[in-house]
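Everything on this sheet refers to the single structure shown next.
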Amino acid sequence: MQRPPPEDFALKETKPHLGGMKVTGDRLTSTYDLVEQMQYLYVRVVKAKDLPGKDVTGSCDPYTEVKLGNYKGTTRHFEKKSNPEWNQVFAFSKERIQASLLEVTVKDKDVVKDDFIGRVIFDLNEVPKRVPPDSPLAPQWYRLEDQKGDKRKGELMLAVWWGTQADEAFPEAWHSDAATVSGTDGLANIRSKVYLSPKLWYLRVNVIEAQDLQPTDKGRYPEVYVKAILGSQALRTRISPARNINPMWNEDLMFVAAEPFEEPLILSVEDRVAPNKDEVLGRCAILLQYVDRRLDHRPVNTKWFNLEKHVVMEGEKKKEIKFASRIHLRICLEGGYHVLDESTHYSSDLRPTAKQLWKPSIGVLEVGILSAQGLMPMKTKDGRGTTDAYVVAKYGQKWIRTRTIIDSFMPKWNEQYTWEVFDPCTVITVGVFDNCHLHSGDKAGGGGAKDIRIGKVRIRLSTLETDRVYTHSYPLLVLHNNGVKKMGEIHLAVRFTCSSLLNMMHMYSHPLLPKMHYLHPLTVSQLDSLRHQATQIVSLRLSRAEPPLRKEIVEYMLDVGSHMWSMRRSKANFFRIMGVLSGLIAVGKWFDQICNWKNPITTVLIHILFIILVLYPELILPTIFLYLFLIGVWYYRWRPRHPPHMDTRLSYADSAHPDELDEEFDTFPTSRPSDIVRMRYDRLRSIAGRIQTVVGDLATQGERFQSLLSWRDPRATALFVIFCLIAAIVLYVTPFQVVALLAGFYVLRHPRFRHKLPSVPLNFFRRLPARTDCML
């Protein structure tokens, strides 16, 4: 596989004209926004009155056509209405306008040919300009004219003005570059929107005990467990050790619940009567709206719930029950935890669920989504490649989606969004996608169509300087079966503004997660399961919005598949560890050179420094911290000036074997042929064998330390005990500084006093027994 040149994947700093002004130095030299201004001609068609009838019946089916050069937009039509109200806005990009007149025509919809009712013509040179925060331009009544310019019956209420993308009418407007999009669903799918993730809670169900159960077979000891179901989540307790009709468990079950609470918690007590047969002894349904909410570790009150054979849902009449089995529960919604729905490495929000526990924000993050360059064709239309790109950004609970730019490999969005920041050690994710739902028919007929990922960018806020505008072009990199591929570049402007530097610095002393994660920690397996459930709930809720933020988009932004096995990622993590250890290895090599007198002058200086530190031990810690301070000051000159971006070398993506990538993109469970699966399994066994050997060697060294005093080898332990007694007497009568000096000089001794054979302590240690003899 050909290795792409690294400069193709590099981050590029840019100097765009933001808000009509240029970025100079680190700061923006005006109060303009973080986007380039785009001029639009806005036409708001409000309503019409007194329209003349055109049909035989004397009525009309009016609609309005807004025409500017080759661009034409139409309102919806009303049947048999002479005073229609449309209140629709049309936006025409100034850079694409080639006409000097705007024509707004009212027509009567007909089966054969639409009839002309009247029109209003505007000279673009006479159109006023509106700059926010000016109030919206008030619409006016205009008398309709015929083709010759004579006044006709009927009036049309309009407002026409020049504006920018900062105008309030921009998000809901019909855009001239989307003229090929058909249907209301298609138009809704191209507009910019802001979404909010549902509010997620951890639901803790502490199953304590049950009483007076009534099993069918009275002559056997029941094997009872509790099964709990919330939506698509199902958990069960272990079988109670008390084999009677009053079993006890005292076991916690954890679920993820989302507001508004739509589904009840269903609890069923079941008896394992046979290996594959369970008998339901009773059920109960608990509505989450009435469940206690706790903010700290103090336990909530326990409650008894009646168990019934048939769960009564809303609308059904409840029967009177004189005697019933009961179940004892402690159930609460946990407000003190943060529900993890993202990978912990890329979290954008770390606040607890309960709003009462939120701390004040420390700043504001502003992102200008400017444009993209060099996008690849993502699909074919009319025999040619095309891309309909839009951007999704996620930070905290707020998701934003830009409008879709139709059929462009160099789209310009120039949209700006703002987020409140509560923690600087968080990450914003920006993804670019190709819209495959531009027409109404796509929703019904092509329900299997998915929006295609073009690439994404992550920016960690703690790596940004405050109040500085970062304008960079980020490479959009996607890993495919045949290797890493650059899909284009996205141009962003980012500014992190801090409201209080002292508050932000104080955040670095706080724990990363809310305190309940440390007072009552969840297990790793619980966290993995709960994270999966949380991402499923978020993707389901956002896919039900209008227009939907589809499941494939949400899962890509939340890195749902990042926990799956990948040979490439395993290699990358191994080399990351080696990179971390390389500093220690370098120090070890340097010290070995000192001990072997490779550079006598340096070794002599180290001897002098060593003598000073032994004679004045109170200087050791100040010397270490002063050295670290000087290193930090020295490295400040080479501090990173750009935010980090996706690194193909670090990810081991540019040199991964095709079979490794094919394995990474395989489904779970696998869908590959058996011979390929067998080959990959054998490869995994060989890797696991090496890891097994390393782990066994580490265990062996630890067991040798344990055997020093275990008398497993009586002669070795006797020697070690006698040595410890002699060492204790010598160290007691000898000053510590003398011992330290002698030990240091021995370690730093000249090579002519060294032997190539291993030292006596090392020989003694390697002869100690380990438990490998007992292994099968």
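One is the number of the first residue; the rest follow in order along the sequence.
- Judged by a 6.0 Å distance limit and a 45° cone about the ring axis, Lys456 is positioned over the six-membered ring of Tyr556.
- Under the 6.0 Å distance and 45° angle rule, Arg468 counts as a cation-pi partner of Tyr470.
- Geometric assessment of Arg749 against the ring of Tyr746 yields a positive cation-pi assignment under the 6.0 Å and 45° thresholds.
- Relative orientation of the Tyr417 and Trp419 rings is tilted, given thresholds of 30° and 60° on the angle between their planes.
- Taking the charged nitrogens against the carboxylate oxygens, Arg649 and Asp654 do have a contact shorter than 4.0 Å, which makes a salt bridge.
- A donor-acceptor pair under 3.5 Å links the side-chain atoms of Asp423 to the main chain of Cys425, judged by distance alone.
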Exercise for review: Start with the C-alpha distance between His338 and His517, add both sets of side-chain angles, then the distance that settles side chain to side chain donor-acceptor pair (under 3.5 Å), and finish with yes or no.
Suggested key: CA-CA 8 Å; His338 169 67; His517 285 269; over 6 Å; no

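- Taking the centre and axis of the six-membered ring of Phe422, the NZ or CZ atom of Arg351 falls inside the cone set by 45° and 6.0 Å.
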Review point. Hey, mind stepping through Leu709 and Val721 against side chain to side chain contact (heavy atoms under 4.5 Å, CB included) and telling me if it holds?
Key: CA-CA 8 Å; Leu709 294 170; Val721 168; 4.3 Å; yes

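- Around CZ of Arg576, the count of heavy atoms belonging to other residues, nucleotides or ligands within 6.0 Å does not exceed 12.
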Point to revise | Verdict with supporting geometry, Leu365 and Ile428, side chain to side chain contact (heavy atoms under 4.5 Å, CB included) | key: CA-CA 9 Å; Leu365 172 66; Ile428 180 172; 3.8 Å; yes

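- Phe745 and His607 have parallel rings, their planes meeting at less than 30° on a 0 to 90° scale where 60° marks the start of perpendicular.
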Exercise for review: Starting from the C-alpha separation in whole Å, work towards a yes-or-no answer on side chain to side chain contact (heavy atoms under 4.5 Å, CB included) for Gln701 and Leu698.
Suggested key: CA-CA 5 Å; Gln701 308 308 322; Leu698 292 174; 5.6 Å; no

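- With Tyr681 as the aromatic partner, Arg678 does not meet the cation-pi criteria of under 6.0 angstrom to the ring centre and within 45 degrees of the ring axis.
- Annotation: Arg771, atom CZ; neighbour count of heavy atoms from other residues, nucleotides and ligands within 6.0 Å does not exceed 12.
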